[in-house]
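Everything on this sheet refers to the single structure shown next.
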Amino acid sequence: MSAERAAATYRRAFGEDPAVVASAPGRVNLIGEHTDYNGGDVLPMALSLRTSVAVGPSTDALSHAVSEQSPRVGAFSPTGPSRSSAWWDYVAGTMLALGTAGVAPRPLRIAVASDVPSGAGLSSSAALEVATAFALNAWSGGGLDARTLARVAHRAETEFVGVPCGIMDQYVSSLAREGHALLVACDREEATLVPMAATVLIFDTRTPRSLRTSAFAQRRHECEIALRAIQRNEPAVRWLSRASEEQVRRATMDEIVRKRALHVVRETARVAACVRTLRETGRLAGDSMYASHASLRDDYQCSTPELDWFVDRAQETRGVTGARLTGAGWGGCAIAAGAPGPLRQLADSAMEPFATQYRRRPRFWMSAASDGARVDVLRENLVGGATAMTLNP
Ligand code: GLA
């Protein structure tokens, strides 16, 4: 368990027990890609892989951060940290954002342990931000709810770390529940749990994602151009994802930009279809997943040969019902749906041919939909002065 490892890392580094330990999961998105920042719907689920943070008071005026994974130790000002491009920026940014939500920053010590691989597109950064937000909130008396903490974590990512992502990752990491996918209507920031018993296969192509940040920002920009073009005819359309295909076709815009816009509008419709199927049959709509991947490959142009290779192979595997890239794309992971036996067979049989073709060993995990963030241990409430207690042991 990463919670125990975070506490052990804390003890090793700082010589005493932490005051609070909290954890938050990584995620995969089942469907609804590049719709969140266009005000559309997304359907992610939380993974069983989690990031834990152990937190306690600092003995000087600075905050200090250590990680089980990284030899780099951070020290930063709790009230005015500057961006360092190191992993503790996620912690420092979350502290700052919590400050604006009413949780006064104070010097802390923090130790991190994680099972969410970083750089794989499974939202390790959101898991760290959300776990930090939950820990500091509990430590200061626990006044903020999970939705507010998701927004705080999102502000850390966009305003401090500087990644222009939508709200999906922080929302699902905060609000998910075991056995459920989370439908988020991003224009209203409204989250609904949808029962989902299925296990999904996550296949990590382990491809470098160097293009990801710049290409992501470029796509966002193209979507803004498309929305403005639509609004010239239809001023009432506030979000690209809520436009109709007809409105996209009628507007005057570059053909590349139109392809991006059509992806967003159709993908939003696919989320609704997938949610309907899930509610009616308990299964993921495989056809919608394949259609989503084709649209991301051809219209949004954020796939890679490795991701396409995996999805093609899934399509040829008996008993596998759907597959698509998940997350931003430009490398990272794909998912597949179906019965556990065929999924495992797909993963096992893909390893060697993939490694031979792409000279990289892929990784895979099977995960059911898991719980969102929680406070695992609260030793003492330093603000309220409460006595020792344990939550979710
Ligand atoms: C990244 C972002 C998310 C979302 C996806 C694409 O994972 O962090 O907010 O935009 O890309 O769906």
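For ligands, and for the atoms within them, numbers begin at 1 and follow the listed sequence.
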Under 4.0 Å, counting heavy atoms only: does Arg27 come that close to any atom of ligand 1? yes

Around atom 8 (O) of ligand 1, find the nearest protein heavy atom and jot down its residue, atom name and distance. Asp169 OD2, 2.6 Å

Taking the six-membered ring of Trp139, is NZ or CZ of Arg106 closer than 6.0 Å to its centre and within 45° of its axis? yes

Tell me whether Asn233 at atom CG has more than 12 heavy atoms from other residues, nucleotides or ligands lying less than 6.0 Å away. yes

I'd like to check whether Thr35 has a polar contact with ligand 1, where a contact means an N/O of the residue lying under 3.5 Å from an N/O of the ligand. no

Do any nitrogen or oxygen atoms of Gly166 come within less than 3.5 Å of a nitrogen or oxygen of ligand 1? yes

Is any side-chain N of the basic residue among Glu255 and Arg258 closer than 4.0 Å to the acidic one's carboxylate O? yes

Contact atoms of ligand 1, heavy-atom distance to Cys165 under 4.0 Å: 2 (C), 8 (O), 9 (O)

Under 4.0 Å from a heavy atom of Tyr37: which atoms of ligand 1 are those, numbered in the order shown and with their elements? 10 (O)

Is the gap between the ring centers of Phe203 and Phe364 under 6.0 Å? no

Going by the closest heavy atom to atom 9 (O) of ligand 1, which one wins out of Asn29, Ile167, Asp36? Asp36

Consider only side-chain heavy atoms of I, L, V, M, F, W and Y, link residues closer than 4.5 Å, and tell whether Val257 and Phe216 are in one cluster. yes

Whether the side chain of Arg72 engages the backbone of Ala86 through a donor-acceptor N/O pair (distance < 3.5 Å, no angle test) should be reported. no

